[in-house]
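Notes to accompany the following structure.
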Amino acid sequence: ELKFDGYRCMAGIEASSDAPLAQQLQNTGRRVRLLTKAGNECTSWYPEIVRDLELLPGGPHVIDGEACVLRPDGTSDFNLLQTRARRRKLYAGAAPVTLCCFDLLVCNGKVTMHLPLTRRKELLRELIGLVDDPKPALLFVKDLDANADVFHAMLGAGLQIEGVVAKRKASTYQPGVRSSDWVKIKRPGWQEGREWRS
């Protein structure tokens with residue numbers, strides 16, 4: 001998977017109610033909770049992400065992802081995200097933030113962490129695909145071919161990417177565990193939270 005450079009963000013979405021959708025949307029933020037990697041509440045920081053998560057039917061769901069500001073080419077800009085996150089809210093002229101969703105821990109109230117990665121990704125893709133928003137704030141993180149040439153081609157095209165994460169297809173989700181099933185491969189010369197330095 002492409003490694004997005006942003007803030008890790010866990011999204012919890014409560015089960016949807018039987019009330020009409022318009023009525024549910026008036027209760028903004030009541031269904032969704034966003035937490036940072038350290039467990040701090042960040043729901044109010046990213047209302048555009050909350051808006052789209054509230055559109056997800058069913059639930060409860062728990063999604064793991066990275067909050068990012070995306071450039072037009074789909075790569076992430078950490079500096080713009082940091083500028084936005086410092087103010088901890090949406091403000092006039094702020095760069096929009098996208099939740100780059102890469103894993104699904106709970107789907108419709110059922111824990112999925114024991115399922116193979118490929119199955120969790122299928123469920124996540126289907127779930128994210130249910131959001132109908134002309135300016136979506138949720139991005140499903142697709143798989144890349146396990147081929148070094150793909151990575152080198154992205155670098156050769158001048159894309160400013162942090163790197164990739166190689167994940168075993170059959171791997172389970174192991175909270176808080178550094179596992180050899182998931183390996184971060186950084187771009188040579190990349191500095192954490194900064195653009196590539198030659």
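Values reported hereafter were calculated over all heavy atoms of this structure, with side chains retained and with hydrogens, waters and symmetry mates removed. All residue numbers refer to positions in the sequence shown, counting from 1.
The shortest distance between side-chain heavy atoms of Ile49 and Val97 falls below 4.5 Å. Using a 4.5 Å heavy-atom cutoff, the side chains of His61 and Asn108 are in contact. In this structure the side chain of Ile128 reaches within 4.5 angstrom of the side chain of Ile63, judged on heavy atoms. Residues Glu1 and Asp143 have side chains in contact (heavy-atom distance under 4.5 Å, counting atoms from C-beta outward). Using a 4.5 Å heavy-atom cutoff, the side chains of Asn40 and Leu35 are not in contact. Taking the side chain as every heavy atom from C-beta outward, Leu139 and Leu70 approach each other to under 4.5 Å. In this structure, the side chains of Trp45 and Arg87 stay at 4.5 Å or more apart for every pair of heavy atoms.
With respect to the salt-bridge test (charged N to carboxylate O, under 4.0 angstrom), the residues Glu54 and Arg31 do not qualify. Between Arg120 and Glu126, no side-chain nitrogen of the basic residue sits less than 4.0 Å from a carboxylate oxygen of the acidic one, so the salt-bridge criterion is not met.
Under a hydrophobic-cluster definition in which Ile, Leu, Val, Met, Phe, Trp and Tyr are linked whenever side-chain heavy atoms come within less than 4.5 Å, directly or via other members, Leu124 and Leu55 are assigned to the same cluster. Both Met113 and Val106 are members of a single hydrophobic cluster when ILVMFWY side chains are connected at heavy-atom separations under 4.5 Å.
A cation-pi contact, defined as under 6.0 Å to the ring centre and within 45° of the axis, is absent between Lys121 and Phe102.
Just one residue in the list Leu56, Asp52, Leu53 forms a side-chain contact (heavy atoms from CB on, under 4.5 Å) with Val32, and that residue is Leu53.
Looking at every heavy atom in both residues, Trp182 comes nearest to Ser171 through NE1-OG, 3.1 Å.
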For this session: Evaluate the criterion side-chain contact (heavy atoms from CB on, under 4.5 Å) for residue pair Glu66 and Cys9; output intermediate values, then yes/no.
Result: CA-CA 5 Å; Glu66 194 93 359; Cys9 191; over 6 Å; no

